[in-house]
Amino acid sequence: PGLGGILVLYSIGLPPLVATILAIINLIWAIKALPETLTEEVKTKREKEKEQELNKSDLFNLLRKKPTLPLVMVMFSTLTFAFVGMETTILLLGLKRYAMSDFEGGMLLLVAGVVAIITQGGLIRPLSKKYQDIHLALVGLIFLIIGFLGLTTIHSQLEAMFWVAPIAFGSSIGTPTLASLLSKQAPETQAGEVLGLNSGLASFMRVLGPIVATAFFELNDSYPYFLSVIVLAVTFMIGLILMNLLSKYKDVNVLVDCIN
């Protein structure tokens with residue numbers, strides 16, 4: 001975002017051109033560097049389980065038996081909904097409140113990017129070793145709620161940068177820890193389906209979030225952020241329920257047996 005804010009000063013078409021080049025480089029790197037996670041061992045194990053108990057391998061049957069999975073998915077989706085809504089409207093808010101320039105918009109998103117890099121690159125690893133994923137996710141939600149409330153009060157670039165920082169921190173803590181929690185809860189042989197469904201729901205939220213956020217912005221420039229606060233507050237409550245389930249049944253198999 002910061003680079004885009006600088007490049008747009010030279011040409012309005014330069015940021016998307018550079019973004020395209022970076023995306024191509026990223027694609028080539030991913031093809032060469034990322035290994036296949038579905039190993040032959042997992043494939044064989046999965047095929048045997050399907051032959052023995054076809055019904056139990058059904059994804060929706062799994063979600064019914066493991067309520068922790070849909071709860072994590074809901075939390076991940078609502079967090080995504082709130083964050084992309086902010087991404088869509090923050091520049092509109094700055095333009096309306098204090099006539100934000102393209103460069104200032106880039107710098108604002110640069111702040112969010114720097115906070116995300118510091119959090120995910122330096123803080124998340126030691127924190128995840130010391131605290132449980134669900135606890136970190138709840139902390140991230142608290143920072144997001146604080147940041148969204150703060151955005152409703154901004155009238156300058158400095159204020160906007162100040163309140164975007166906790167949002168970036170909260171998202172950078174909440175998103176990876178929820179993804180980690182989901183992968184730990186999913187059975188090895190069905191991890192692909194579970195993570196794929198979660199990714200699909202998040203993608204839907206990336207479409208729905210901007211639509212809802214801009215519609216609310218048309219009514220009042222603070223409404224998208226108040227809506228996000230409400231959504232995240234509900235998400236926090238869901239997180240408390242999930243935390244209770246995880247603490248009560250630390251062994252996922254015990255939870256499944258109790259439900260069955």
Side-chain angles (χ1 to χ4, degrees), residues 1-5 8 15 19 74-120 124 136-179 199 201-239:
L3 178 62
V8 77
V74 169
M75 291 182 67
F76 193 95
S77 296
T78 51
L79 191 156
T80 302
F81 173 86
F83 189 78
V84 298
M86 181 278 297
E87 287 182 318
T88 305
T89 58
I90 185 63
L91 300 183
L92 297 174
L93 181 67
L95 183 63
K96 184 175 181 180
R97 293 281 182 90
Y98 58 92
M100 174 193 289
S101 66
D102 291 336
F103 178 76
E104 287 177 324
M107 291 302 101
L108 180 61
L109 296 179
L110 177 62
V111 170
V114 170
V115 172
I117 291 172
I118 294 173
T119 304
Q120 296 188 355
I124 194 67
L136 292 175
L138 291 174
V139 170
L141 288 171
I142 292 173
F143 273 89
L144 282 163
I145 290 172
I146 292 172
F148 279 116
L149 285 174
L151 282 183
T152 64
T153 68
I154 68 166
H155 288 91
S156 70
Q157 175 74 357
L158 186 61
E159 291 175 345
M161 294 170 71
F162 179 83
W163 291 114
V164 160
I167 293 176
F169 176 78
S171 177
S172 299
I173 287 286
T175 302
T177 52
L178 286 173
S199 178
L201 291 173
S203 297
F204 175 70
M205 290 301 170
R206 291 187 180 280
V207 175
L208 182 63
I211 295 174
V212 175
T214 50
F216 273 68
F217 189 89
E218 289 294 322
L219 300 175
N220 185 288
D221 59 15
S222 293
Y223 281 3
Y225 313 108
F226 284 130
L227 174 63
S228 293
V229 168
I230 294 172
V231 169
L232 292 172
V234 173
T235 306
F236 187 86
M237 297 300 177
I238 295 173

> Could you give the distance from CG (Leu108) to CZ (Phe103), rounded to the nearest 0.5 Å?
Replying inline: 12.0 Å
> Between atom CG of Leu138 and atom CD1 of Ile238, what is the distance when rounded to the nearest 0.5 Å?
Replying inline: 11.0 Å
>> If you count every heavy atom of other residues, nucleotides or ligands that lies below 6.0 Å from Phe143 atom CZ, does the total exceed 12?
In response: no
> Just by modelled atom types, is the Glu104 backbone N or O under 3.5 Å from a matching donor or acceptor in the Gln157 side chain?
Replying inline: yes
> Can you list every pair that meets salt bridge (Lys or Arg N to Asp or Glu O under 4.0 Å) and has a residue in residues 215-224, with sequence neighbours left out?
Replying inline: Lys96-Asp221, Arg97-Asp221
In a table with atom names and distances, give each donor-acceptor pair under 3.5 Å that connects a side chain of residues 202-216 to protein atoms at least two apart or in another chain.
unit_1	atom_1	unit_2	atom_2	d
Ser203	OG	Ser199	O	2.9
Thr214	OG1	Pro210	O	2.7
Thr214	OG1	Ile211	O	3.1

Give the table of side-chain donor-acceptor pairs shorter than 3.5 Å for residues 144-151, with sequence neighbours excluded, one pair per line with atom names and distance.
none

> What distance separates Ile124 CD1 from Ile118 CD1, expressed to the nearest 0.5 Å?
Replying inline: 14.0 Å
> For Ala137 and Leu178, which heavy atoms make the closest approach, and how far apart are they?
Replying inline: CB-CD2, 3.8 Å
Distance-only check: which donor-acceptor pairs under 3.5 Å involve side-chain atoms of residues 79-93, not counting sequence neighbours?
unit_1	atom_1	unit_2	atom_2	d
Thr80	OG1	Phe76	O	2.8
Thr88	OG1	Val84	O	2.8
Thr89	OG1	Gly85	O	2.9
Thr89	OG1	Tyr225	OH	2.8

> Of all residues at least two apart in sequence or in a different chain, which pass the side chain to side chain contact (heavy atoms under 4.5 Å, CB included) check with Thr235?
Replying inline: Met75, Thr78, Leu141, Val231
Side-chain atoms of residues 158-171: list all donor-acceptor pairs with protein atoms under 3.5 Å, sequence neighbours left out, distances to 0.1 Å.
unit_1	atom_1	unit_2	atom_2	d
Glu159	OE1	His155	N	2.5
Glu159	OE1	Ser156	N	3.4

